Q: 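The structure's right below; bear with me while I get my questions together.
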There are 2 protein chains.
Amino acid sequence: MVDHVLEVLKSCSLLSGLPEAALREVAPLARVRPFRANEVLYQRGEVQSALSVVGAGNVRIGSTNAEGREIMLTLFEPGAWFGDTVFSPGMPRVFGATAHTDGELVEVPGQDYRALLARYPEAYPRTLDMLSRRLWSAISIIEDNALRDMPGRVGRRLLFLAHMHAPQRGPGPVTFKLTREHIANMMGMTRQGVHGVLKTLEQRGLIRFSYGRITVPDLDALKAYLDERTG
Amino acid sequence: MVDHVLEVLKSCSLLSGLPEAALREVAPLARVRPFRANEVLYQRGEVQSALSVVGAGNVRIGSTNAEGREIMLTLFEPGAWFGDTVFSPGMPRVFGATAHTDGELVEVPGQDYRALLARYPEAYPRTLDMLSRRLWSAISIIEDNALRDMPGRVGRRLLFLAHMHAPQRGPGPVTFKLTREHIANMMGMTRQGVHGVLKTLEQRGLIRFSYGRITVPDLDALKAYLDERTG
DNA sequence: CGCCAACTGTCAAACCGTTGACAGTCTCAG
DNA sequence: CTGAGACTGTCAACGGTTTGACAGTTGGCG
């Protein structure tokens, strides 16, 4: 069991700055939490903090507003981490997490994680780097949303997800398990609006889609198209 | 001169986790860079990294796309820091910086700053906290932009700026030196669109404005209005 | 102290995405 | 293998923003 936890922790980019000995130390403190599709894992506003690493399955990050409208920020795959409030103890979570498929989470209590970092300070630079890259991503999204039209935004977001899911993949198609509604929730659009945009992109051969599934056959082609239609 | 640099560094929240002795060490390595309104300080894409602290004046953070359209992310006042790429050496800057007024910057070379942190590891938790809060802010903006209509976005952004400029101010009016065009550039709107939104907010007594200046007389009233019109 | 450049107010037409509604299609669990 | 539920395609009407254009206002620089 601990072996399994250790494997998950090792797969997490945030923790890869820590020596294996350190990961062995925390592994027994971590909790394995299996989940089923659409289960709510965390809600926006919770104060309790833990570092969560996706061990299996997919997790949607986002939140729901008072009117019941959902906003989805991103979709995480195994190896991804979230719960950035571990770095700001006492802050409420800005977003919630919902299971997108069945899977499991490995949760390291916030204080254990922080204590570990204090004991292995050589891991700090890597940790700062990871956080700063995440900030970089968030700002890119803000820029895209401000400067691009709907097709541009949707395309950029798909590219973003693709890169996140497989940073060093070679050429080849990437498929997401996303409905039109999910995409609408990511972009602040409606299901019908997304429909039109996807149809446009499909006509240009940049994406393909079937029920609940979207495929980008060629990331570079999509990127080239997007770059061309706005600096 | 070094005294002056030291004062600026001490005013910076990012550095307040470092003991004064540490700040005295870096102060001589820092460079003071005066600037005039509208001068370009950094351009998007530059790789060289430095931690910049605003010593005086205001700085616009944002970038310009190939079509010449500008996107503004935020406006920094004295004591604010930027140049998050110091944490990810080699990454290009995601955004540029432009002088909004006359003023001056204090720049600490990236490697000197990183070396300093390594020498005073007790400052790391605070540093992570600051970065994580910045991420929090960015994500809030993404959410607002996805879920709210134009008046909601503009109002929220004004609140955001107000809180950033004076985190622990008591009640009382806050004034920004922003033209309609600046606001339009922050929101991805047009000058004319902003006009309509501001007129609406003004009619409700939530803001006042004159040439190049916007005043929020009562932050709480604005917040209450925004909370009411969307969870 | 006057002029120019920057900022502002306003309008009509065009556009794009939303709203709301309904029928068609696929998938998966039983 | 079959039915219910989830997902999708499409349409017309509506509404808010942009576009483009122009005149009016302000403030600071010379």
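The sequence lines fix the lettering, A, B, ..., with proteins before strands; numbering per chain opens at 1. Model, not experiment: these values are computed from the prediction.
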Q: Using atom types as modelled, flag every donor-acceptor pair under 3.5 Å from a side chain in residues 39-58 of chain B to any protein atom, sequence neighbours excluded.
A:
from, atom 1, to, atom 2, distance (Å)
B:E39, OE1, B:R36, N, 3.0
B:Y42, OH, B:S52, OG, 3.1
B:Y42, OH, B:E107, OE2, 2.2
B:R44, NH1, A:E143, OE1, 2.8
B:R44, NH1, A:E143, OE2, 2.9
B:R44, NH1, B:V94, O, 3.3
B:E46, OE1, B:Q48, NE2, 3.3
B:E46, OE2, B:Q43, N, 2.9

Q: Starting at the 5' end of DNA chain C, which residue's closest nucleotide do you reach first, A:R213 or B:Y211?
A: B:Y211
Q: What is the distance from CG of B:N38 to P of D:dG28, rounded to the nearest Å?
A: 14 Å
Q: Show me the donor-acceptor pairs, under 3.5 Å and distance only, between side chains in residues 191-217 of chain A and residues at least two apart or in other chains.
A:
from, atom 1, to, atom 2, distance (Å)
A:T200, OG1, A:G196, O, 3.0
A:R204, NE, A:Y225, OH, 3.4
A:T215, OG1, A:T175, OG1, 3.0

Q: Once you round it to whole Å, what is the distance between P of D:dA6 and NE2 of A:H100?
A: 15 Å
Q: Tell me, please, which residues at least two apart from B:N38 pass side chain to side chain contact (heavy atoms under 4.5 Å, CB included).
A: B:R60
Q: List DNA chain C stems (3 or more consecutive Watson-Crick/G-U pairs, under 3.5 Å)?
A: C:1-30 with D:1-30
Q: Determine which pairs satisfy side chain to side chain donor-acceptor pair (under 3.5 Å) with at least one residue from residues 133-142 of chain B, sequence neighbours left out, and list them in order.
A: B:D129-B:R133
Q: Using the salt bridge (charged side-chain N to carboxylate O under 4.0 Å, His left out) criterion, which residues pair with A:R156? Sequence neighbours excluded.
A: A:D144
Q: Please identify each residue that fulfils salt bridge (charged side-chain N to carboxylate O under 4.0 Å, His left out) with A:D218, with sequence neighbours left out.
A: none
Q: Output all residues satisfying side chain to side chain donor-acceptor pair (under 3.5 Å) with B:T190, sequence neighbours left out; order by chain, then residue number.
A: none
Q: Looking at D:dC7, I'd like to know if its phosphate oxygens (OP1 or OP2) sit under 4.0 Å from a side-chain N or O belonging to A:R180.
A: no
Q: Tell me, do B:I61 and B:V59 make a side-chain contact under 4.5 Å, heavy atoms counted?
A: yes
Q: Kindly write out the residues that satisfy side chain to side chain contact (heavy atoms under 4.5 Å, CB included) with A:T179, not counting sequence neighbours, or none if the list is empty.
A: A:E181, A:H182
Q: At a heavy-atom distance below 4.0 Å, which nucleotide of DNA chain C is the first touched by chain B, and which is the last?
A: C:dC7 to C:dT10
Q: Taking only residues two or more places apart in sequence, or in another chain, which ones meet B:S16 in a side chain to side chain contact (heavy atoms under 4.5 Å, CB included)?
A: B:R126
Q: With the criterion being N/O to N/O and under 3.5 Å, what pairs connect the protein with nucleotides 11-17 of chain D, and how long is each?
A:
none

